[in-house]
Amino acid sequence: MTTIDPTPIVQVRNIKKVYPGGVEALSDISLDFPEGKLTTLLGPSGCGKTTLLKIVAGLLKPSSGDVLVDGRPITGPGPERAFVFQDFALMPWATVIRNAAFGLELAGVNRSEREAVAEKYLNTVGLKGFENKYPHELSGGMRQRVGLARALAVNAKVLLMDEPFSAVDEQTRRKFQEDMLSLVKDEKKTFIFVTHSIEEAVYVSDRIVLLHRRPSRVSQIIEPQIARNVDPEMIRRQPEYLDAVENIWQSLKKFLD
Ligand SMILES: Nc1ncnc2c1ncn2[C@@H]1O[C@H](COP(=O)(O)OP(=O)(O)O)[C@@H](O)[C@H]1O
Ligand SMILES: [Mg+2]
């Protein structure tokens with residue numbers, strides 16, 4: 001197996017999280033997230049994936065341990081990290097372009113400049129022509145893309161994506177997964193992706209972190225050796241893809257109650 005060795009942009013050091021009431025969501029997690037790669041947190045519902053992502057985002061404080069970005073401990077949210085929410089988090093009263101440009105609006109970027117950037121990323125996510133629509137005029141999958149365009153527009157180095165494709169139908173989901181591969185290739189960012197789908201994890205990830213439940217800890221790290229410079233349709237037919245899916249299932253199965 002080849003090992004991924006770029007600079008770890010995000011480092012999670014001995015993170016423990018006990019929620020008020022005593023639920024120990026994370027036990028002792030240490031992980032590095034390299035630049036230009038997509039790392040997936042994979043594990044059953046309740047294993048602490050969202051908790052870990054929120055801690056990395058700075059939206060939730062760990063009970064102990066640190067998160068370092070570029071070697072410096074974080075103390076809260078920061079512009080270098082963008083969170084793509086599971087439930088879209090769009091403003092219903094604002095147009096698609098305003099929603100996509102919202103992060104830049106908050107940062108004080110002037111209107112023509114922020115709309116130009118937002119337009120570029122709406123194009124990237126396949127929403128050219130929808131700039132002046134409102135969220136209720138879009139499908140779930142399209143709303144999800146606006147959320148992604150917003151995260152890309154602020155040019156964050158780290159993209160935190162919590163089950164971003166969970167609310168869309170199977171066809172749209174597959175299309176998104178293909179798009180993710182091009183995004184990872186084209187945008188030199190650190191992607192931290194959460195899913196409970198083994199197939200999705202193997203398809204999109206350079207590295208998969210298997211999380212074990214109660215208390216949650218890292219049980220295994222897998223780097224699927226899949227050729228990605230092929231027709232995206234062919235990826236799911238590779239023996240390496242099918243083996244990785246099966247091996248992960250066997251590993252996760254051991255931890256089922
Ligand atoms: N705000 C909270 N208060 C108390 N317990 C919580 C809270 N949020 C999550 N938990 C618990 O922490 C554990 C991990 O939750 P979560 O991070 O949402 O898991 P996942 O995203 O993997 O499904 C679960 O047992 C969940 O019930
Ligand atoms: Mg979750």
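Counting starts at 1 for both ligands and their atoms, following the listed order.
Using a 4.0 Å heavy-atom criterion, the residues that approach ligand 1 are Tyr19, Val23, Ala25, Pro44, Ser45, Gly46, Cys47, Gly48, Lys49, Thr50, Thr51.
Taking backbone and side-chain atoms together, Thr50 has an N/O/S atom less than 2.8 Å away from the Mg ion (ligand 2).
For the side chain to side chain contact (heavy atoms under 4.5 Å, CB included) with Ile221, the qualifying choice from Leu31, Ile208, Asp32 is Leu31, the only one to do so.
Dense packing is recorded around CE of Met91, with more than 12 heavy atoms of other residues, nucleotides or ligands lying under 6.0 Å away.
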Scan the side chains in residues 129-137 for donor-acceptor partners under 3.5 Å anywhere in the protein, sequence neighbours excluded, and list what turns up.
unit_1	atom_1	unit_2	atom_2	d
Glu131	OE1	Gly129	N	2.9
Glu131	OE2	Gly129	N	3.4
Glu137	OE1	Tyr134	N	2.8

Side-chain atoms of residues 100-112: list all donor-acceptor pairs with protein atoms under 3.5 Å, sequence neighbours left out, distances to 0.1 Å.
unit_1	atom_1	unit_2	atom_2	d
Glu105	OE1	Arg98	NE	3.1
Glu105	OE2	Arg98	NH2	3.0
Asn110	OD1	Ser112	N	3.3
Asn110	OD1	Ser112	OG	3.3
Asn110	OD1	Glu113	N	2.9
Arg111	NE	Glu115	OE2	3.3

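For the pair Arg145/Asp179, a side-chain contact is recorded, criterion being any heavy-atom separation below 4.5 Å from C-beta on.
The stretch residues 171-205 participates, sequence neighbours left out, in these ring pair (Phe, Tyr, Trp, His ring centres under 6.0 Å) pairs: Phe165-Phe176, Phe165-Phe193.
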